Number of protein chains: 2
Amino acid sequence: MSDTFRRMQEFDRRAELVRATLDCIADKGIQGATVRAVAAAAGVSIGLIRHHFETKENMVLEAYRETIRMLTAPCDRVLAAEIESPHERLARFIRASIGGEISDLRILSLWAAFMSQLNADPEMKRIHDEAHLPYRSSFEPLIRAVMAAEGRHLAPGEVARLAIAMTAVIDGLWLEGCLPKQAETSEDYVAIGLEAAEALLRVALPRPTNTKD
Amino acid sequence: MSDTFRRMQEFDRRAELVRATLDCIADKGIQGATVRAVAAAAGVSIGLIRHHFETKENMVLEAYRETIRMLTAPCDRVLAAEIESPHERLARFIRASIGGEISDLRILSLWAAFMSQLNADPEMKRIHDEAHLPYRSSFEPLIRAVMAAEGRHLAPGEVARLAIAMTAVIDGLWLEGCLPKQAETSEDYVAIGLEAAEALLRVALPRPTNTKD
DNA sequence: TCAAAGACTATACAAACGTGCAATAACTAT
DNA sequence: ATAGTTATTGCACGTTTGTATAGTCTTTGA
């Protein structure tokens, strides 16, 4: 239809405003995302924000959705990819959860800013749970597949506990890897994550090749 | 306000104002800590805040110091205690880092709120680094002592990597344990942390007794 | 070519913000 | 008792906040 072009324009502007919002939040925290600061960061007038978003809160919620998208995209790509070897799948999932594009102080700042709002904003809490619960439960099938391929059998409760431990070590390594260091690179944390997974699951994991993803 | 007021020692009043500040931040995020909201939460007038704190920012900084104190107190107590067995020391440190009083959604909210401000506020960043770096390096001697007691020798780099992995899994378990769940208790996360430590370090650890700390 | 639509600007406004300050009530020392 | 100190109040000021609204500029469809 001919109104597709118009819609496309609006979508681009919305995305640009969301990006400006994230810039403000990463820089000054959630209270830095004022309509005036966001408008200035996007190079538009104050009134335009209310033209694209009914309220400022809606804009911030959209910025939160975008943050979750950025955080989960690499993992989702691994889960969607058709990789035969369960060991390879697990190793790539670990790498996608710790390193690469999400190992970034800016993303950590955004994550913390929204995290601190979950108590205050029920809608934000709803968005969080909707994205976090699937992520948390994505480790169990990965582990189960590896164990099946090894011909080992674990009690269901044991798999659940291992998944919690794996999620924890990956989250902790992501967090530490985001903070600026002089010694370690984010790739070092990926390597530590793989070693930790080998120790926790008592398996050998392939090291991901140099190709991205 | 009432026409008569109770007078307080300056130190007590400051502590009460800090507590009220933390209440506001945990509830509404960092932007919820307005002078009016804090004054209302503490049951005092607006002007009193400026009498005890030169600026509102100073009050928030003090609230951050208090948060760090709450977070590190249990670990510090373990490190200060005279426990002969290195294995027992390590196990108690792990327990103090994951469970007990710091396994609390309120503390997680506070931690996230301040975390999101580190980019914006250099003084806050300074306070963070001053407390975080010692905490991060407290795992290495604990691990080294356990290994020495076992008669095992690890390369220095290997100890460093194990300490990073241990810190990560403990931080991740603390984080997950703070979030409200129906299934697991914070004590379950402590148990998973101890199991993970045993797998990572390939040692057996004693389970802490029921006595607190 | 021209009216309709909508993306966009400019400005105004009430509420909430941090801070300044004079007045007051409660404690302390003598 | 009384003077001095200070914890505390109450209010006012200028600034910043989100939102509302009227008007301008650009694009679109026939």
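Please read all numbers here as calculations on a predicted model, not as lab measurements.
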Whole-Å distance, B/His52 NE2 to D/dT9 P, equals 9 Å
B/Ile49 CD1 to C/dG20 C1', in whole Å, measures 15 Å
Residues passing the salt bridge (charged side-chain N to carboxylate O under 4.0 Å, His left out) test with B/Arg50, sequence neighbours excluded, are none
Computed from five pairs at either end and rounded to 10 degrees, the angle between the axes of the helix from C/dT1-D/dA30 to C/dT30-D/dA1 is 20°
Got a salt bridge between B/Arg106 and B/Glu101, using NZ or NE/NH1/NH2 to carboxylate O under 4.0 Å? no
When rounded to whole Å, the CZ to C1' distance for the pair B/Arg13 and C/dA25 reads 13 Å
Whole-Å distance, B/Asp12 CG to C/dC27 C1', equals 15 Å
In short, salt bridge (Lys or Arg N to Asp or Glu O under 4.0 Å) pairs touching residues 159-180 of chain B with sequence neighbours left out are A/Arg136-B/Glu176, A/Glu195-B/Arg161, B/Glu176-B/Lys181
Taken to the nearest whole Å, CZ/B/Arg14 to P/D/dT6 is 15 Å
What residues 16-28 of chain A contributes to the DNA chain D interface at heavy-atom separation below 4.0 Å is none
The ring pair (Phe, Tyr, Trp, His ring centres under 6.0 Å) partners of A/Phe114 (sequence neighbours excluded) come to A/Tyr64
A/Ala163 meets the side chain to side chain contact (heavy atoms under 4.5 Å, CB included) criterion, sequence neighbours left out, with A/Phe139, A/Glu140, A/Ile143
B/Leu48 atom CG is separated from C/dA25 atom P, nearest whole Å, by 16 Å
Regarding the side chain of B/Thr34, the nearest nucleotide among C/dT9, D/dT17, C/dC17 is C/dC17
Applied to residues 118-128 of chain B, the side chain to side chain donor-acceptor pair (under 3.5 Å) test, sequence neighbours excluded, yields A/Ser109-B/Asn119, B/Glu123-B/Arg126, B/Arg126-B/Glu130
So the ring-ring contact (aromatic ring centres under 6.0 Å, His included) pairs with at least one residue in residues 18-44 of chain B (sequence neighbours excluded) are none
Residue pairs passing the ring-ring contact (aromatic ring centres under 6.0 Å, His included) test with at least one member in residues 14-39 of chain A, sequence neighbours excluded, are none
Side chain to side chain donor-acceptor pair (under 3.5 Å) pairs touching residues 25-42 of chain A, sequence neighbours excluded, are A/Gln31-B/Gln117
Letter by letter from the 5' end, nucleotides 19-24 of chain D scores (B base, S sugar-phosphate only, - none; protein heavy atoms under 4.0 Å) BS----
The complete set of salt bridge (Lys or Arg N to Asp or Glu O under 4.0 Å) pairs with one or both residues in residues 51-60 of chain A, sequence neighbours excluded, reads none
Check the phosphate of C/dC8 against A/His51, side-chain N and O only, distance under 4.0 Å to OP1 or OP2. Yes or no? no
*Could you go step by step and tell me if B/Met124 and B/Val60 meet the side chain to side chain contact (heavy atoms under 4.5 Å, CB included) rule?*
CA-CA 9 Å; B/Met124 211 168 259; B/Val60 173; 3.8 Å; yes
